> 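Let me begin by handing over the structure; questions about it come next.
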Amino acid sequence: MSESDTRRWNHLKKILERSSPFCHPDFEPGTGILDFLQNSCKLLVVGAGGLGCELLKDLAMMGFGNVHVIDMDTIDLSNLNRQFLFRKKDVNSSKAEVAAKFINERVPTCHVTPHHCKIQDKNEDFYRQFHFVVCGLDSVVARRWINGMLVSLLSYDENQQLDNSTIIPLIDGGTEGFKGNIRVILPGITPCIDCTLDLFPPQVTYPLCTIASTPRLPEHCIEYIKLIQWPKDNPFDSNIDTDDPAHISWIYEKSLERADEFGINGINYRLVQGVIKNIIPAVASTNAVIAAACVTEAFKVATSCCPLLNNYAVFNDADGIYTYTYEAERKSDCITCSPTTAKYLDIDDTNVRLEKIIEMLSEHPQYQMRNPALTIELEEKRKTLYMPNVPSIELKTRPNLKMTLEQLGIADGCKLLVADITNPRAFEIILRIKNNYVNME
Amino acid sequence: MAVPSPKSPEPSERSRKYDRQLRLWGDQGQQDLETAHVCLINATALGTEILKSLVLPGIGAFTIIDTEIITEDDVGSNFFLTADRIGEKRGSVASQLLCELNPDTRGHFVDESLLKLLDLNPIMFNKFTVVVTASLHEKEIIELSHKLWEFNIPLLVCQSFGFFGSMRLQLAEHTMIKTHPDNQNPDLRLDCPFQALKDHFDSYDLEALDLTNHLHVPYLVILYKHLEKWRKNIDDNNALPETYKDKQIIRQNIKNSIRKHDNGTLHHEENFEEAIRSVNFAYNRTLLPTDIQGIFKDEKLLNLTSYSRPFWIMVKALKDFVENEGCGRLPLRGTLPDMTADTFKYISLQQLYHEQAIKDVEIVYNRVQQLLQNLNLPDDTISEHDVKVFCKHASELCVIRGTRIADEYEHKGNTDNEICQSLEDPDSLIEHYVILRGIERFYSEYYTYPGEIDEQVEPDIPKLKSCISKLLNEWGCMSSTKEDCIHEYCRYGNSELHSVSSFIGGCVSHEIIKLITQQYKPVNNSFVYNAINCSTECFTL
């Protein structure tokens, strides 16, 4: 390290090279820690959006020298009120690439490597190279996938003892308006994302019959245009492109017509856009706060200078400033991080159709699958029951959806192999069928 | 297929850029932000982090007052200073790099010491909407506090020190109309339905309805009918179910009125289930909230003058409404929560609430006009729209009166007592506020910070301890701060950790946005952050 680089870190050096009664017992002050941050420690930031921009800045300023960032998105005008590494000229460029370039120019002691792709495009070897991962995502599915990936990298010995060297800590931040949360996950040791699925707010949905025949709210009218009128009229010969102003305008006008017809007030362009794009309000300040808290935890993980957040904190500054920390608990039968515990799905009888099983997997509070593919082991042979993602196989397996378990030859105790976008690995669910009787028909 | 001509209002570029925040504070809040001018004293990492989250959402202008020259240390903690600019003016470079974040914001830089400005040109502070400071010394805090109190400009004094930080807000008076409460009870008036609502309820005969209609009666109607029935039974026309037992009786009655299949099992009537779930809050008596009663007693109402702010004129009109036409109640809010119903039944009910609210607004508006006339103020001082917004949010109005920071340093007022009491609580973060004050005192005495030089960490511990003891003595406090904690602060040696400053910076900038937009309640009035265990605490000093 050059002398000027050394002086640059005078602030950090006082923390890292001095001892104090508040230090973590494992902490050994010295010059080696800063050297580790600058030269050896390698970490991944997932998401280069509102949180991601802040995370990259904070990590670079806290002495981290080798950071990778992954994001599939491109920059939109509406990002500029908080994603401060982007300018108007960057609109439509890759978030990961522009963010990396900015940090590399502004903070020469940090090198950021961008990956402009989906997290699913990278394999285990990619994720295994990092000391830890910091997540700044707005998607529950992506969060669960990363979590599943890091858990899948754990290895256990023959006595089911976890090999600690395979643990890649995950620091996760999330924001919505003036609210946010921070959590520190040590996969295999502390609760993972899937242990605490109930912490995510349920998605707002409206019953189809309300939308179709008894609308009361402007949202009902907008949903009607989106779900019923658009497929019927197909005004642009395409699916809805939520970024195309012509599409949003069309939906706005039709929603307004429908609302007028029913005497419903309150349709405006902003609301239409909000409902169609499922927009979550966001401000710079909350992102700054949550990212900063995540990076403070990252700094603790890398330096052992203080104990880690154990293990969940919430923040809200809508009314004064409020924080609360608590210890979330592991689920002994978590689908992701309890590999040896059997998982079950309870079913009333074998008259149930396969589509109902898929619905149950989506609604089950502990599974919350999005679009699962199902395979079953019958007489030691694998049989694909339904595969939604490959169009040719989807077509071939679609008739199975309407068949009952009995017709498919599935009985109590059968092992269902489930693959879903919420997890990089498929897992086994044992069907427990209450009335396993033969169909009387 | 022909593409329809877009007759919809395409949002402007500005409204697209700020879309995600307009959903929180609206166009009015944004306009307030765009006309605001914030002054930052000292462009430290904390200072620029505060400005960053103000420039991004589009604050009109900022001014940095700073006399420092950029050092290597600065570059290591401050994202808005770069190594190639070492030796230049800190405020100038920070202002320039912050302005790059948003072309809508104008940045200014004043290269002059604060004390000199306060002495020679104090009037320049009058143009600021809010003043915020970082790493200020005791003498500067006291003088600035006096001056801004006199000018009635909010002041936020902020610190970031190692793993800790604090913010102290000074404001003489702050009034808010839209406080955006998290869980607000709906304003339903089941206990005192206005005539049109009562007539509407009475027009229903639930038993006579066919099943489809029965399934689509709004739960408010069901609740009203069962209230009437219960009142008749107990022979009291004004009673409301207040005890658990009363509420259980009504819940059971509602359940019994759910239609049955021929085989005796219950129909699935969503609206009746909603009614049962709503018993707990929907029968609340419509009272004047305690906070509003307090505002009505405010001395500002006793002597309205032509200098009175529109807020107080509207409060006076509101008070007169409550005491006359309102029969002790606020104007109707006029919004109805969503409930299972068919379109016609829901919309006609919604319409009734809406129309009554408009009538109430009209009365309040007329009273406002009368007051304006009496005060010799022009009619358009307060618009009908202003009154409409005011009435809609009448139950959430809030007034905060703060204390002068200088009083805390000069031992006037009640602050000492507050600090002493909070120190008794071992879990309280107030200890850190006291230590941060002790560090300011340390600087006043030694012109350096404790632990700035490696060799000074140990010798500075007793020195800092004695500064803190002196403070505690002056406050008449018996308690002391923990030695371990003092050692920890000496270890920091005035180091500023970027992520700690960024956390506090985010918090402080949102507090400033609250002050500017007069929406959402600010911290009243002090805040401490502990990054070691990710906790915060607020105090009223």
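What you see is a predicted model; the values in this text were computed from it and never measured. Just so we're on the same page: letters track the sequence lines, and every chain starts at 1.
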> Quick one: closest heavy-atom pair of Met61(A) and Val75(B), and the distance?
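That would be CE-O, 3.5 Å.
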> Non-hydrogen atoms of chain A under 4.5 Å away: do they reach the side chain of Phe79(B), the backbone, both or neither?
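The answer is both parts of Phe79(B).
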> Could you look at Leu22(B) and say if it's the side chain, the backbone, both or neither that has a heavy atom under 4.5 Å from chain A?
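Both the backbone and the side chain of Leu22(B) come within 4.5 Å of chain A.
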> Relative to chain A, which segment of Ile347(B) carries a heavy atom at a distance below 4.5 Å: side chain, backbone, both, or neither?
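Contact with chain A: side chain only.
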> Would you compute the distance between atom OG of Ser499(B) and atom NZ of Lys300(A) and round it to the nearest 0.5 angstrom?
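Reported to 0.5 Å precision, the distance equals 9.0 Å.
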> Does Ile15(A) form a side chain to side chain contact (heavy atoms under 4.5 Å, CB included) with Ser495(B)? I'd like the steps, not just the answer.
CA-CA 8 Å; Ile15(A) 305 289; Ser495(B) 66; 3.8 Å; yes
> Any carboxylate oxygen within less than 4.0 angstrom of a Lys/Arg side-chain nitrogen, looking at Lys52(B) and Glu54(A)?
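Between Glu54(A) and Lys52(B) there is a salt bridge, with a charged N closer than 4.0 Å to a carboxylate O.
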> Indicate the atoms forming the closest heavy-atom contact of Ser77(B) with His11(A), along with that distance.
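Ser77(B) and His11(A) have their closest heavy atoms at OG-NE2, 3.7 Å.
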> Using non-hydrogen atoms and a 4.5 Å limit, figure out which bit of Asp73(B) sits close to chain A: side chain, backbone, both or neither.
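Both parts, backbone and side chain.
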> Run the salt-bridge test on Lys57(A) and Glu49(B) with the 4.0 Å N-O cut-off and return the result as yes or no.
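Salt bridge flag = yes for Glu49(B) with Lys57(A).
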> Checking the side chain of Ser285(A) only, and the main-chain atoms of Cys507(B) only, is there a donor and an acceptor separated by less than 3.5 Å?
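Such a contact is absent between Ser285(A) side chain and Cys507(B) backbone.
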> Relative to the ring of Phe178(A), is the ring of Trp25(B) parallel (under 30°), tilted (30 to 60°) or perpendicular (over 60°)?
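Rings of Trp25(B) and Phe178(A): parallel, under 30°.
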> Are any side-chain N or O atoms of Arg23(B) and backbone N or O atoms of Gly177(A), one a donor and one an acceptor, separated by less than 3.5 Å?
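The answer is no, because no donor-acceptor pair under 3.5 Å joins these two groups.
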> Output yes when a side-chain donor or acceptor of Arg82(A) lies under 3.5 Å from a complementary backbone atom of Pro57(B), and no otherwise.
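The answer is no, because no donor-acceptor pair under 3.5 Å joins these two groups.
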> Could you check whether atom CG of Asp138(A) has more than 12 heavy atoms from other residues, nucleotides or ligands sitting under 6.0 Å from it?
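Not more than 12 within 6.0 Å, no.
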> So, are Lys88(A) and Glu13(B) salt-bridged, with charged N and O less than 4.0 Å apart?
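Salt bridge present between Lys88(A) and Glu13(B).
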> Do you know the tightest heavy-atom contact between Cys534(B) and Thr325(A)?
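Answer, listing the atom of Cys534(B) first, then Thr325(A): O-CG2, 3.4 Å.
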> At their closest point, which heavy atom of Ala288(A) faces which heavy atom of Gly506(B), and how far apart are they?
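It is CB-CA, 4.2 Å.
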> Non-hydrogen atoms of chain A under 4.5 Å away: do they reach the side chain of Phe80(B), the backbone, both or neither?
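Phe80(B) touches chain A through backbone and side-chain heavy atoms alike.
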> Could you grab the distance from atom SG of Cys398(B) to atom CG of Asp319(A), nearest 0.5 Å is fine?
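Rounded to the nearest 0.5 Å, the SG-CG separation comes out at 8.5 Å.
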> For Cys538(B), which atoms come within 4.5 Å of any heavy atom of chain A: side chain, backbone, both, or neither?
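Side chain only.
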> With only heavy atoms counted, which part of Cys485(B) is less than 4.5 Å from chain A, the side chain, the backbone, both or neither?
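Both backbone and side chain.
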> Can we say Asp74(B) and Arg8(A) salt-bridge, meaning some charged N sits less than 4.0 Å from an Asp/Glu carboxylate O?
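Salt bridge flag = no for Arg8(A) with Asp74(B).
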> Measuring heavy-atom distances to chain A, does Thr536(B) have an atom under 4.5 Å in its side chain, in its backbone, in both, or in neither?
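Thr536(B) touches chain A through backbone and side-chain heavy atoms alike.
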> Which bit of Ala45(B) is near chain A, if near means a heavy-atom gap under 4.5 Å: side chain, backbone, both or neither?
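Interface part for Ala45(B): neither.
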> Side chain, backbone, both or neither: which part of Leu217(A) has an atom under 4.5 Å from a heavy atom of chain B?
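Just the side chain, heavy atoms under 4.5 Å.
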> Working to the nearest 0.5 angstrom, can you tell me the gap between Arg491(B) CZ and Lys14(A) NZ?
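The NZ atom of Lys14(A) is 12.0 Å from CZ of Arg491(B), to the nearest 0.5 Å.
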> Which bit of Lys345(B) comes within less than 4.5 Å of chain A, counting heavy atoms only: side chain, backbone, both or neither?
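Lys345(B) has no heavy atom closer than 4.5 Å to chain A.
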